[in-house]
Amino acid sequence: MSQKKPWAGRFTAPTDAFVEAFTASVEFDQRLAPYDIQGSIAHAKMLASQGIIDAQERDAIIVGLQRILSRIEAGDFEWSVALEDVHMNIEAALTADIGVAGKKLHTGRSRNDQVATDIRLWLRAELVEIRAAIRRLQDGLLDLAEREAATILPGFTHLQTAQPITFGHHMMAWFEMLDRDHERMLDCARRMNVMPLGAAALAGTSYPIDRQLTTDLLGFDRPADNSLDAVSDRDFAIEFTAAASILIMHLSRMSEELVIWSSAQFGFITLSDSFCTGSSIMPQKKNPDVPELVRGKTGRVFGHLMALLTLMKAQPLAYNKDNQEDKEPLFDAVDTIKGSLKVFADMVPAIDCRHEVMRTAAMQGFATATDLADYLVRKGIAFRDAHEVVGQSVAYCLSKGCDLAELKLTELQSFSAAIGTDVFDALTLEGSVATRKHIGGTAPEEVEAAIARARARLVSEKGN
Ligand code: ARG
């Protein structure tokens with residue numbers, strides 16, 4: 001049976017039963033309840049401070065809302081689809097509890113500015129958690145990078161062996177990607193921190209409200225400047241899902257590398273058993289499910305970004321019911337990002353590097369060919385000529401089935417008289433990485449310096 005709707009005054013026929021369920025959002029927006037109550041308490045305090053309700057009414061409202069929050073948290077609150085959404089459910093429960101004072105809470109307010117406030121409060125809190133989760137993953141990467149600062153593996157371009165790099169350097173590349181994600185989340189949190197209450201339905205309100213007071217009570221930076229924009233703006237939701245899309249695109253790239261590295265053919269790393277699963281038919285299998293799943297979840301977050309952009313693209317000002325569709329994509333994007341970050345942060349410290357396998361792979365594929373060319377340049381040969389000499393040496397090695405470092409000095413000298421015994425220093429893996437000792441280079445000492453800079457940055461952030 002339909003409950004009486006707070007807006008039913010002008011209606012003569014009841015809502016169609018299916019329409020009631022179709023238009024309701026309470027199934028999912030009940031998750032906003034703590035923020036709805038926080039916003040309502042601030043609104044009630046402001047109404048009382050402006051003399052719009054009296055102090056007893058304010059106190060009854062606050063105590064009543066706190067009681068409702070306890071019931072919700074205890075799982076002891078009955079949500080009603082007939083009451084449409086989280087806002088009307090809580091308001092109806094408040095009035096049932098405290099009587100007529102409950103009916104005054106909605107003075108000078110609309111669900112339009114209410115929901116715009118709730119989502120911002122909710123996302124602001126989630127962004128704090130997401131930023132902490134990014135930092136936790138970054139901390140794990142720093143430790144891993146430190147442990148493996150001098151571990152050599154082949155670096156790739158086009159997934160073909162390019163040049164030797166250190167594993168620590170690779171982990172620090174992941175760190176940098178996440179650092180930008182962290183900054184984007186911070187940026188999103190900053191821009192969305194404006195307060196919609198007071199915009200009411202769209203035009204503002206005729207009551208003598210104090211928007212600065214609600215702004216201060218709720219920890220916003222300032223009241224939103226335009227009432228039409230305040231109720232209809234969902235840029236922050238799009239910005240968040242855009243930042244989330246870039247973040248999960250990064251996690252997906254990392255996942256892809258973990259999948260490749262842990263394959264039998266590469267064998268560079270072993271993932272902990274706790275993050276893999278077996279096959280029900282093939283007894284030998286250990287599958288990298290966690291990175292695969294994170295890679296797969298990328299699609300849903302990109303999808304949510306598209307959904308929100310499309311949701312907003314043709315909406316006239318101000319609020320439209322379309323906006324109710326903002327919540328599920330946003331909620332799922334937050335949950336997916338938090339889950340993916342958590343599982344990655346738990347998994348990363350347990351990555352086991354197989355040093356010998358990485359080393360052997362780096363010895364193959366002529367990873368130090370560029371070093372030989374650079375060596376010739378140091379001996380006075382122009383780079384393009386050096387490139388040609390090394391190309392011929394590589395062709396010779398291919399025909400012999402060996403690597404550059406395995407050639408005899410006389411064989412090497414047949415390609416260039418400039419080559420001396422010191423060439424073998426240039427051809428070793430350690431020699432190759434050690435020469436890349438500038439800021440941002442792969443030399444172990446530079447990786448350590450990068451780790452130290454990153455740690456200092458994170459510590460100074462905590463100090464602020
Ligand atoms: N449940 C609605 C939403 O999520 C709340 C705002 C409803 N406003 C309205 N004018 N019907 O957007």
Side-chain angles (χ1 to χ4, degrees), residues 2-11 14-16 18-40 42-43 65 68 72 77 79-95 103 105-124 126 192 195-205 214 224 226-238 240-241 304 307-335:
S2 273
Q3 268 169 281
K4 185 172 178 316
K5 320 268 189 234
W7 42 252
R10 60 97 71 207
F11 286 77
T15 316
D16 173 273
F18 180 73
V19 168
E20 184 169 275
F22 185 74
T23 52
S25 54
V26 67
E27 296 291 347
F28 48 85
D29 69 12
Q30 54 182 266
R31 141 177 207 166
L32 295 173
Y35 303 96
D36 195 71
I37 287 171
Q38 188 189 356
S40 289
H43 182 66
L65 286 171
I68 291 172
I72 294 171
F77 187 89
W79 298 100
S80 154
V81 169
L83 288 168
E84 219 174 298
D85 55 28
V86 61
H87 323 291
M88 294 207 301
N89 267 268
I90 290 175
E91 194 189 319
L94 180 68
T95 301
K103 293 188 185 177
L105 172 62
H106 213 53
T107 313
R109 184 176 78 168
S110 152
R111 280 183 296 156
N112 298 351
D113 57 347
Q114 192 178 354
V115 71
T117 305
D118 292 3
I119 312 172
R120 284 167 196 262
L121 289 171
W122 166 80
L123 186 57
R124 189 174 74 185
E126 293 290 354
M192 66 176 235
M195 209 282 301
L197 286 177
L202 75 164
T205 173
T214 21
N226 180 289
S227 65
L228 298 175
D229 183 50
V231 291
S232 63
D233 168 35
R234 294 294 182 275
D235 291 3
F236 62 92
I238 297 173
F240 169 74
T241 41
H304 296 326
L308 290 175
L309 281 168
T310 314
L311 172 68
M312 297 311 295
K313 80 168 264 293
Q315 278 196 51
L317 294 176
Y319 176 89
N320 302 280
K321 183 75 168 180
D322 312 39
N323 279 358
Q324 185 164 292
E325 286 289 306
D326 62 358
K327 285 165 209 65
E328 287 161 294
L330 203 47
F331 292 165
D332 189 69
V334 163
D335 294 342

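Keep in mind it's a predicted model, so treat the numbers as computed, not measured. Ligands are counted one by one from 1 in listed order, and the atoms in each one are counted from 1 as well. When reading the values below, keep in mind they use all heavy atoms of this one structure, side chains included, and skip hydrogens, waters and symmetry mates.
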Quiz item: Would you say Gln38's side chain and Pro34's backbone share a donor-acceptor pair under 3.5 angstrom?
Solution: no
Self-check item: Glu84, any N or O under 3.5 Å of ligand 1 N or O
Solution: no
Quiz item: Does Ala200 offer a backbone N or O that forms a donor-acceptor pair with the side chain of Asp113 under 3.5 Å?
Solution: yes
Practice problem: Give the residue and atom name of whichever protein heavy atom lies nearest to atom 11 (N) of ligand 1, and the separation in Å to one decimal. | Solution: Arg111 NH2, 3.5 Å
Quiz prompt | Any donor-acceptor pair under 3.5 Å from Asp335 side chain to Ala333 backbone | solution = no
Quiz item: So which of Glu325, Lys327, Met88, Gln324 gets nearest to atom 2 (C) of ligand 1, if we judge by its closest heavy atom?
Solution: Gln324
Practice problem: Specify the protein heavy atom at minimum distance from atom 7 (C) of ligand 1: its residue, its atom name, and the distance to 0.1 Å. | Solution: Tyr319 OH, 3.5 Å
Quiz prompt | Check: His87 N/O within less than 3.5 Å of ligand 1 N/O | solution = no
Quiz item: Ser25: what forms a side-chain contact (heavy atoms from CB on, under 4.5 Å) with it, not counting sequence neighbours?
Solution: Phe28, Asp29, Asp85, Gln324
Practice problem: Give the residue, atom name and distance (to 0.1 Å) of the protein heavy atom nearest atom 10 (N) of ligand 1. | Solution: Asn112 OD1, 3.1 Å
Exercise. Mark up the atoms of ligand 1 that fall under 4.0 Å of a heavy atom belonging to Ser25, in ascending order.
Key: 1 (N)
Quiz item: Just one of Ile90, Leu94, Thr95 clears the side chain to side chain contact (heavy atoms under 4.5 Å, CB included) bar with Leu105, so which one?
Solution: Leu94
Quiz item: Considering only heavy atoms from C-beta outward, does the side chain of His43 approach that of Thr117 to under 4.5 Å?
Solution: no
Quiz item: Which residue supplies the protein heavy atom nearest to atom 5 (C) of ligand 1, what is that atom called, and how far is it?
Solution: Asp85 OD2, 3.5 Å
